[in-house]
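Notes follow the structure.
Side chains included, hydrogens not; waters and symmetry mates left out as well; all remaining heavy atoms used.
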Amino acid sequence: MRSVLVPTLFLVLAISLGMPCFAEAAGNYERPTVRSGTDISVQYLNLARMYREQGRYELARQAYAQAISTCRNYGNLEIIKREMAGVLLLIRTMR
């Protein structure tokens, strides 16, 4: 029973968080667009996305943290936090 419950809970949690990795596998994922301008957090966000695509989740987590700390736009901040939550979930499940 437990062997079925854990993966099911993980799947429900991943879907509720809107984890991009499941949607990317389906081929229908669109990245949320962020406004650039003078906000350096966009550069950190792009770096974090690159690390995530490479499977380097710890480096992605650090880049997301830098993006959060330098973000000036509330809309961008929500996107960054959502993506960071997905990376943190990936890191926790890999341990």
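The NZ atom of Lys81 sits 6.5 Å away from the CD1 atom of Ile68 when rounded to the nearest 0.5 Å. For the atom pair Arg92 CZ and Tyr57 OH, the distance stands at 14.5 Å (nearest 0.5 Å). To the nearest 0.5 Å, atom CD of residue Gln62 and atom OH of residue Tyr51 are 8.5 Å apart. To the nearest 0.5 Å, atoms CZ (Arg49) and CG (Leu47) are separated by 12.0 Å.
Closest heavy-atom contact between Ala67 and Leu45: CB-N, 4.0 Å. Heavy-atom minimum distance, Ala63 versus Ala48: CB-CB, 3.5 Å. Taking all atoms of both residues into account, the shortest heavy-atom contact from Cys71 to Leu77 is SG-N, 3.6 Å. Minimum interatomic distance between Leu88 and Arg61 (heavy atoms only, all atoms of both residues): CD2-CD, 3.5 Å.
There is a side-chain donor-acceptor pair under 3.5 Å between Arg52 and Tyr64.
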Take Ile40 and Arg72, measure what side chain to side chain contact (heavy atoms under 4.5 Å, CB included) needs, and give me the verdict at the end.
CA-CA 9 Å; Ile40 193 169; Arg72 297 183 202 165; over 6 Å; no
In sequence, state the C-alpha distance, the side-chain angles, and the governing distance for Val42 and Asn76, and then conclude on side chain to side chain contact (heavy atoms under 4.5 Å, CB included).
CA-CA 8 Å; Val42 175; Asn76 290 356; 4.2 Å; yes
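Side-chain heavy atoms closer than 4.5 Å link hydrophobic residues (I, L, V, M, F, W, Y) into clusters, and following such links, possibly through other members, connects Val87 to Met94.
Under 4.0 Å is where a charged nitrogen must lie from a carboxylate oxygen, and between Arg95 and Glu58 at least one such pair does.
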